[in-house]
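Counting starts at 1 for both ligands and their atoms, following the listed order.
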Amino acid sequence: MSRIPRIVILGAGYGGIMAATRLQKELNYNEADVTLVNKHDYHYLTTHLHMPAAGTESAKHVKINILSLIDEFKIDFVKSTVLQIKPNEQKVILSDGTLSYDYLVIGLGGETETFGIPGLKEYALNIRSVNTVNLIREHIEYMFARYKGEPHRTDYLTFVVGGAGFTGIEFVGELVDRMPKLCKQFNVDPSLVKIYNVEAAPTALPGFDPSLVEYAMESLKRRGVIFKLGLPVKECTPEGVLLANGEFIKSQTVVWTGGVRGNRLVEEAGFETSRGRVMVDPYLRTKEKDNVYVVGDCAIVLNPEGRPYPPTAQIAMQQGETVAANLVSVIRGEKQKEFVPNLKGTIASLGRRDGIGIVFKYKVKGLAAVLMKKITDLRYLYLLGGIPLVLRKGRL
Ligand SMILES: Cc1cc2nc3c(=O)[nH]c(=O)nc-3n(C[C@H](O)[C@H](O)[C@H](O)COP(=O)(O)OP(=O)(O)OC[C@H]3O[C@@H](n4cnc5c(N)ncnc54)[C@H](O)[C@@H]3O)c2cc1C
């Protein structure tokens, strides 16, 4: 390669933006030509999307302008949608052009997995992007407005959240916080509002510490959430959801949080995937092409027990850092390093004033969990954009 190597990063989520900002720091002048592609001109805090979805936070607070994070003298930003990845030709087809690369980083995030359940794709809403959560918030408000015109339609005030994993639990936590304000705004009797959380597994937050799960469920039940556990959704229709026991919940609002898969473009590119996620090698490269790296929700890394780590922002960020370091090493002819996750813990919010989590193996709940989550958020902003970004966005 006589010219300088071309690196293309697809997606400015947690993995992609971290890879880009680390590369701009580490690479010397003219060492590589780096291009970052993302379909929006902003990076968004996916881990906060449950708040604008419920309407407890404005969507503008979860967006960060990409140009405020990168140095345009070092990184080219292309606002475009990736349509196809062609690994054999080392090209990426965008909605408005084609990019060639020597090294590719795929960080296109996840998609909703509906497991083929009839009607979910057509009738359920999902928490995946700023646009989808704006839709949920507006839909909820519209339901209250419609109820005022048709007061016999209590299904307008019935909200079903499918999935009691992290996203589902965090979203119902925000919903129960929002409801009293909406009832007041629309002058609706709060006792008419029903919030169901339906989960196929026998417990909420499967795999989480049982005492913390119990705490979370008690906290949410006290605030009105009705749990339906061990009951898979059989079908979603325009009138509501059918559960495995034959029960039908009439509702005009079904939000599906029950599954995540990798981005379809990755499997369409011909890489071997499991639910759209690539089993990467220890350096985060695909087994088919050693110049293609995959980070975040599109990648699978196994834990010491041989099970995939759950897709999280924490892992995506760390992978972005490792890939940046490995690209610098490859370009300099040095040895690459293996990805070793450094898990600091997990915290789930239960609305604004409650939460649960494990931090460095210690259990936290209540306000301590809320505080730890805030610290985690501030740390991320600091890693991404230093003190200026913390000052600009830290009020979240
Ligand atoms: C409500 C919610 C709460 C969560 N809470 C937590 C939490 O508390 N802690 C935690 O660690 N994890 C949490 N997660 C999981 C975490 O957000 C994801 O694991 C993380 O966002 C994955 O990062 P990523 O870089 O792979 O992708 P993403 O952050 O999803 O970014 C993907 C990027 O690719 C762009 N993109 C997608 N398709 C295209 C295309 N075709 N062309 C161009 N650009 C494209 C998108 O616009 C986006 O910018 C939560 C997730 C949700 C939904």
Side-chain angles (χ1 to χ4, degrees), residues 8-20 36-54 57 62-64 66 69 77-85 92-96 99 105-112 126-133 136 161 163 165-174 255-266 268-269 276-278 284 294-300 309-320 323 341 343-349 355-358 369 372-374 376-377 379-380:
V8 172
I9 303 169
L10 305 180
Y14 289 84
I17 197 77
M18 202 44 97
L36 172 66
V37 183
N38 196 61
K39 67 164 106 157
H40 311 288
D41 56 8
Y42 53 83
H43 162 74
Y44 56 83
L45 303 171
T46 316
T47 58
H48 283 254
L49 285 179
H50 51 291
M51 294 186 245
E57 179 64 77
V62 305
K63 298 202 275 187
I64 302 171
I66 290 173
L69 300 174
F77 172 60
V78 177
K79 176 177 174 280
S80 188
T81 300
V82 180
L83 300 181
Q84 198 183 0
I85 302 166
V92 178
I93 313 297
L94 307 180
S95 52
D96 49 5
L99 287 175
V105 181
I106 304 176
L108 292 169
E111 290 179 4
T112 301
N126 58 76
I127 303 179
R128 282 256 52 99
S129 67
V130 173
N131 293 335
T132 67
V133 301
I136 295 174
V161 178
F166 254 70
T167 306
I169 287 290
E170 290 199 311
F171 179 55
V172 289
E174 295 300 314
V255 178
W256 177 248
T257 69
V260 185
R261 67 184 324 284
N263 195 301
R264 258 161 235 281
L265 292 174
V266 183
E268 286 166 13
R277 301 175 71 198
V278 180
L284 302 175
V294 189
V295 293
D297 288 4
C298 289
I300 298 182
Y309 282 106
T312 62
Q314 184 179 186
I315 287 195
M317 283 161 57
Q318 293 177 8
Q319 290 176 330
V323 164
L343 300 180
K344 296 180 173 65
T346 329
I347 301 161
S349 64
I356 52 162
I358 305 273
M372 288 312 297
K373 187 142 182 124
K374 181 84 188 162
T376 312
D377 293 342
R379 182 176 174 273
Y380 176 62

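Listed by atom number, the atoms of ligand 1 under 4.0 Å from Lys373 heavy atoms are 8 (O). Counting atoms of ligand 1 from 1 in the listed order, those under 4.0 Å from a heavy atom of Gly11 are 34 (O). Listed by atom number, the atoms of ligand 1 under 4.0 Å from Gly15 heavy atoms are 25 (O). Numbered from 1 in the order shown, with element, the atoms of ligand 1 that lie under 4.0 Å from a heavy atom of His50 read 1 (C). Interface atoms of ligand 1 facing Thr46, defined by a heavy-atom separation under 4.0 Å, are 1 (C), 2 (C), 3 (C), 17 (O), 21 (O), 29 (O), 52 (C), 53 (C). Close approach of ligand 1 to Ile127 is summarised as follows: ligand atoms under 4.0 Å from at least one heavy atom of the residue are 1 (C), 53 (C). Atoms of ligand 1 lying under 4.0 Å from any heavy atom of Gln314, numbered from 1 in the order shown and given with element: 11 (O). Atom numbering of ligand 1 starts at 1 in the shown order; those under 4.0 Å from a heavy atom of Gly107 are 32 (C), 33 (C), 34 (O).
Among all non-hydrogen protein atoms, the one lying nearest atom 22 (C) of ligand 1 is Asp297 OD1, 3.1 Å. Nearest protein heavy-atom contact of atom 16 (C) of ligand 1 is Ala313 N, 3.5 Å. From the protein, the heavy atom lying nearest to atom 39 (C) of ligand 1 is Lys39 CE, 3.4 Å. What sits closest to atom 31 (O) of ligand 1 on the protein, heavy atoms only, is Gly13 CA, 3.0 Å. Atom 21 (O) of ligand 1 has Tyr14 CD1, 3.2 Å as its closest protein atom, hydrogens excluded (heavy atom only). Nearest non-hydrogen protein atom to atom 13 (C) of ligand 1 is Thr47 CG2, 3.4 Å.
A donor-acceptor contact closer than 3.5 angstrom links the side chains of Tyr14 and Thr47. Donor-acceptor pairing under 3.5 Å is recorded for the side chains of His48 and Asp377.
Checked against a 3.5 angstrom limit, the closest N/O atoms of Tyr42 and ligand 1 fall outside it. Backbone and side-chain nitrogen or oxygen atoms of Val82 are examined, and one is located within less than 3.5 angstrom of a nitrogen or oxygen of ligand 1. Taking any N or O of Asn38, backbone or side chain, at least one lies under 3.5 Å from an N or O belonging to ligand 1.
Side-chain N or O atoms of Ser95 include none that pairs as donor or acceptor with a backbone N or O of Ser80 at under 3.5 Å. Gln314 contributes a side-chain N or O that, together with a main-chain N or O of Gly345, makes up a donor-acceptor pair within less than 3.5 Å.
Using a 4.0 Å cutoff on heavy atoms, Ser80 counts as a contact of ligand 1.
The aromatic rings of His40 and Tyr42 lie parallel to each other, with less than 30° between the two planes, well short of the 60° mark.
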